[in-house]
Number of protein chains: 2
Amino acid sequence: MDTAERLIAGMQELLWERGYVGTSPRAIQQRADVGQGSMYHHFTGKPDLAGAAIRRSAADLRALASAELDGPGSAFDRIAAYLRRDRDVLRGCRVGRLTQDPDVVATPELRAPLEETLGWLRERLAGLLAEGIAAGEFARDLDPDDVARTLVAVVQGGYVLARAADDPDEFRRAVNGALALLAAARSE
Amino acid sequence: MDTAERLIAGMQELLWERGYVGTSPRAIQQRADVGQGSMYHHFTGKPDLAGAAIRRSAADLRALASAELDGPGSAFDRIAAYLRRDRDVLRGCRVGRLTQDPDVVATPELRAPLEETLGWLRERLAGLLAEGIAAGEFARDLDPDDVARTLVAVVQGGYVLARAADDPDEFRRAVNGALALLAAARSE
DNA sequence: GTCTATATGATGATAGAC
DNA sequence: GTCTATCATCATATAGAC
């Protein structure tokens, strides 16, 4: 991995662990094993490097989610597979986490990948729900766009519960509750 | 309001806006209009003051939530009233926000109020759900403890979606989806 | 492309006078 | 209880040599 790639990968890790304000150029350089001048050769500064790292993390999230969303089975099965995917729950979400950073949401180039990624995820889930409704799997009065937002929120909020309790099981139980409710909305 | 109270109130605001790592003693002193030495007279340092502020914010959240949870109507009505409560959505949750701060979750005295508060909220919602099941309002096979976690997660995650999109309506739609699913789990 | 030196301001406090 | 030094360290770079 070359220098620029190591800087991006190191910044991705630190943003995930400590957020934007909590991550210093010094820490990035140590994590990437790169010298002071080298970082400023490849990027204009912290916001520039953060932008590259956030876009990379957004792409990583899409790739991971696609694996389950594009999988086999009914709409319900694929949604369940996505929600129950094996996660390092206590680390939180590499993308959602950044919404808590005031400097990130205040900077359009840094916030845009967050909006696009969570929007993409919501649309994928809404598509599956709409498929399920069309196939008679779910009740026809379900609003796929609203429920898709609910499911994304359960994942993001599940991380919050788990970190507050220092217990990954909180995430799993929040997801179980959501799937139980979704099962109740099956047609018939 | 005396000096110590102004410090606590200022710290509460800053923790809500910028989190723990993003909040400096200097910023606190300016917000509270209090001098350098004065802050260190009342509190041993930033963690001490943060502890007092977090416990206060936790109490504030409980008081606000109780208003709707203790209100009139059926279990479903009271849950809906809580979820639809008027919120300054883009500010996020004063308590849940802190779960993203590595220094907070790593410090037992700072994490404890988060766990207690979200645990309290979950228990209140689980109690309402159990009431609703006993009254024949919800299906008997619903697990109140899991679904209560789902509802708390929808609120916490709804803030994430809204901040990512810079649009409070994302929160409202996530909540609408959750209530639609809960309505589908009504008995009969 | 990478390295070392240098710089300004902020961070998180402590000391001691008033 | 509050105020004004003072302090070591870190944050976020810029400059210029190699």
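Just so you know, these numbers use all the heavy atoms, side chains as well, and skip hydrogens, waters and symmetry mates. Letters A, B, ... are given to chains in the order of the sequence lines, protein chains preceding strands, and every chain is numbered from 1.
Of all the heavy atoms in B/Gly157 and A/Gln156, the pair that sits closest is CA-CB, 3.9 Å.
Note on B/Ser24: a side-chain N or O is less than 4.0 Å away from OP1 or OP2 of C/dT11. Between A/Thr3 and C/dG1 there is no side-chain polar atom (N or O) within less than 4.0 angstrom of OP1 or OP2. Proximity of B/His42 to the phosphate of D/dT2: a side-chain N or O atom is located under 4.0 Å from OP1 or OP2.
Set against D/dC3, C/dC3, D/dA13, the side chain of B/Ser38 has D/dC3 as its closest nucleotide. Comparing atom distances between the A/Pro47 side chain and each of D/dA13, C/dA13, C/dT2 picks out D/dA13 as nearest. For B/Tyr40, the side-chain atoms get nearest to C/dG12 when compared with the rest of D/dC10, C/dT2, C/dG12. When the nucleotides C/dA10, D/dT4, D/dT12 are ranked by their closest atom to the side chain of B/Arg26, C/dA10 comes out on top.
Residue A/Gly35 is classed as a sugar-phosphate contact, given heavy-atom separations below 4.0 Å to backbone atoms only.
If you measure from atom CE of A/Met39 to atom C1' of D/dA11, you get 11 Å, rounded to the nearest angstrom. Whole-Å rounding puts the B/Gln30 CD to C/dG9 C1' distance at 13 Å.
Cation-pi geometry between B/Arg84 and B/Phe76 is not satisfied (NZ or CZ under 6.0 Å from the ring centre, within 45° of the ring normal). A cation-pi arrangement is not found for B/Arg97 relative to B/Trp16, the charged atom failing to lie both closer than 6.0 Å to the ring centre and inside a 45° cone about the ring normal. A cation-pi arrangement is not found for A/Arg91 relative to A/Phe171, the charged atom failing to lie both closer than 6.0 Å to the ring centre and inside a 45° cone about the ring normal.
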